[in-house]
Amino acid sequence: MTELTDISALLLNRIRDVADHPKPGVMFKDITPLLADPEAFTALSDALAQIAGRTGATKIVGLEARGFILGAPVAVRAGLGFIPVRKAGKLPGATLSQAYDLEYGSAEIEVHAEDLSVADRVLVIDDVLATGGTAEASVQLIRRAGADVAGLAVLMELGFLGGRARVEPALAGAPLEALLML
């Protein structure tokens with residue numbers, strides 16, 4: 001437990017609160033100081049790679065955009081492939097898409113379906129679990145592509161926004177792991 005406490009303290013000390021961003025009343029959690037610190041970024045990558053190992057993942061999906069930054073080094077550390085899930089219209093060629101509702105409208109994400117197969121167990125990685133809409137849609141998208149969902153891992157969960165309650169049914173028993181609960 002001491003190791004997890006030490007990693008949590010290191011990570012928390014490198015996340016900066018930015019008031020009123022992107023709009024008044026929002027407290028944005030800025031991870032750029034964490035990314036700039038090689039010790040903290042390495043500790044984060046190692047912790048997420050351990051989750052990938054525990055879940056038996058064969059591929060990592062990173063959610064646009066900070067999930068790319070976190071997921072790619074995890075894939076390298078764990079010896080797995082990396083697949084970006086992008087906003088609609090950003091990937092070239094044939095894609096599989098998933099629309100979803102947000103509290104202020106709707107959005108759509110896409111993946112190259114040929115990058116996933118029925119043999120894959122996919123760990124979804126993102127920086128934050130907030131309301132859970134994007135995470136839930138990514139899980140649905142991965143399953144529609146024919147792959148199995150190994151779990152969802154995030155740097156931080158903003159529990160007061162209720163994302164866990166939204167995404168856990170979609171995970172259907174696959175683990176949801178947050179390194180930090182805020």
Side-chain angles (χ1 to χ4, degrees), residues 1-22 26-87 90-91 109-112 115-116 120-139 141-142 149-161 163-164 167 171 174-182:
M1 191 60 141
T2 302
E3 182 181 340
L4 182 58
T5 303
D6 292 344
I7 292 171
S8 296
L10 174 64
L11 299 176
L12 272 173
N13 287 331
R14 302 306 188 280
I15 297 171
R16 175 176 49 210
D17 287 341
V18 180
D20 300 321
H21 181 77
V26 173
M27 181 63 70
F28 183 76
K29 300 294 185 183
D30 180 14
I31 67 168
T32 58
L34 187 156
L35 300 173
D37 181 323
E39 179 186 7
F41 195 18
T42 298
L44 172 59
S45 298
D46 287 347
L48 292 171
Q50 288 173 7
I51 293 170
R54 283 196 309 271
T55 64
T58 60
K59 292 204 175 143
I60 301 292
V61 156
L63 304 182
E64 189 164 339
R66 289 177 297 271
F68 298 171
I69 297 167
L70 303 184
V74 170
V76 170
R77 283 194 162 340
L80 306 174
F82 176 79
I83 300 166
V85 167
R86 306 270 337 247
K87 294 175 184 169
K90 300 289 184 180
L91 289 171
I109 54 175
E110 294 180 331
V111 67
H112 283 132
D115 293 339
L116 294 169
D120 286 320
R121 288 186 45 79
V122 180
L123 177 65
V124 178
I125 293 184
D126 206 3
D127 65 325
V128 65
L129 177 62
T131 61
T134 306
E136 178 188 38
S138 71
V139 167
L141 185 60
I142 291 162
V149 176
L152 169 65
V154 296
L155 166 58
M156 61 188 134
E157 179 179 345
L158 306 179
F160 65 94
L161 292 175
R164 183 174 288 266
V167 77
L171 285 168
L176 190 169
E177 295 197 42
L179 297 177
L180 302 173
M181 294 292 295
L182 305 178

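Owing to the predicted nature of the structure, the values given are computational and were not obtained by experimental measurement. FYI, the numbering just counts along the sequence from 1.
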Distance (rounded to the nearest 0.5 Å) between Asp37 CG and Ile31 CD1
12.5 Å
Set of side-chain hydrogen bond (donor to acceptor under 3.5 Å, both in side chains) partners for Asp127, sequence neighbours left out
Arg66
Going by the rule side chain to side chain contact (heavy atoms under 4.5 Å, CB included), which residues pair with Val154 if we only count those two or more places apart in sequence or in a different chain?
Asp126, Leu129, Leu152, Ala178
Counterpart residues, salt bridge (charged side-chain N to carboxylate O under 4.0 Å, His left out), relative to Glu136 (two or more places apart)
Arg166
Among pairs that include at least one residue of residues 69-86, which meet side-chain hydrogen bond (donor to acceptor under 3.5 Å, both in side chains), considering only residues two or more places apart or in two chains?
Asp46-Arg77, Glu64-Arg86
For a 4.5 angstrom cut-off between non-hydrogen side-chain atoms, does Met156 reach Ile15?
yes
Side-chain heavy-atom pair Val74, Leu80 within 4.5 angstrom cut-off:
no
Show your reasoning for whether side-chain contact (heavy atoms from CB on, under 4.5 Å) applies to Lys29 and Asp17.
CA-CA 5 Å; Lys29 300 294 185 183; Asp17 287 341; 2.6 Å; yes
Check against side-chain contact (heavy atoms from CB on, under 4.5 Å), Leu70 and Leu155
CA-CA 9 Å; Leu70 303 184; Leu155 166 58; 4.3 Å; yes
Using the side-chain hydrogen bond (donor to acceptor under 3.5 Å, both in side chains) criterion, which residues pair with Thr134? Sequence neighbours excluded.
Tyr100
Name all residues meeting the side chain to side chain contact (heavy atoms under 4.5 Å, CB included) criterion together with Leu161; count only those two or more places apart in sequence or in a different chain, and write none if there are none.
Ala130, Thr131, Leu158
According to salt bridge (charged side-chain N to carboxylate O under 4.0 Å, His left out), who are the partners of Asp120, at least two apart in sequence or on a separate chain?
Lys59
On a heavy-atom basis, which atom in Val26 and which in His21 lie closest, and how many Å separate them?
CG1-O, 3.1 Å
When rounded to the nearest 0.5 Å, the distance separating CG of Leu11 from CG of Asp6 is 11.0 Å
Output all residues satisfying salt bridge (charged side-chain N to carboxylate O under 4.0 Å, His left out) with Asp20, sequence neighbours left out; order by chain, then residue number.
none
Can you give me the closest heavy-atom contact between Val61 and Phe82, atom names plus distance?
C-CE1, 4.4 Å
Minimum heavy-atom separation for Gly81 and Ala75, please, with both atom names.
O-CB, 3.9 Å
NE2 of His112 to CG of Leu91, rounded to nearest 0.5 Å, is 4.5 Å
Would you name the heavy atoms of Ile69 and Pro73 that are closest together and state the gap between them?
O-CD, 3.0 Å
Within-4.5 Å side-chain heavy-atom neighbours: Arg14 and Leu44
no
Just wondering, do Leu179 and Leu48 contact through their side chains at under 4.5 Å, heavy atoms?
yes
Could you pull out the closest heavy-atom pair between Ala135 and Ser138, with the gap in Å?
O-OG, 2.7 Å
ring-ring contact (aromatic ring centres under 6.0 Å, His included) contacts touching residues 45-69 (sequence neighbours left out)
none
Using salt bridge (charged side-chain N to carboxylate O under 4.0 Å, His left out) as the criterion, list what pairs up with Arg121, not counting sequence neighbours.
Asp148
Partner set under side-chain hydrogen bond (donor to acceptor under 3.5 Å, both in side chains) for Arg16, not counting sequence neighbours
Asp30, Thr32
Run the side-chain contact (heavy atoms from CB on, under 4.5 Å) test on Leu182 and Leu12 for me, step by step, so that the C-alpha distance in whole Å, both residues' side-chain angles and the decisive distance to 0.1 Å come before the verdict.
CA-CA 10 Å; Leu182 305 178; Leu12 272 173; 3.5 Å; yes
All heavy atoms of Leu123 vs all of Ala57, minimum pair found to be CB-CB, 3.8 Å
Those residues that, when tested against Thr42, pass side-chain hydrogen bond (donor to acceptor under 3.5 Å, both in side chains) (two or more places apart)
none
Report the C-alpha separation of Glu39 and Leu10 in whole Å, then their side-chain angles, then the decisive distance to 0.1 Å, and conclude whether the side-chain contact (heavy atoms from CB on, under 4.5 Å) test is met.
CA-CA 9 Å; Glu39 179 186 7; Leu10 174 64; 4.1 Å; yes
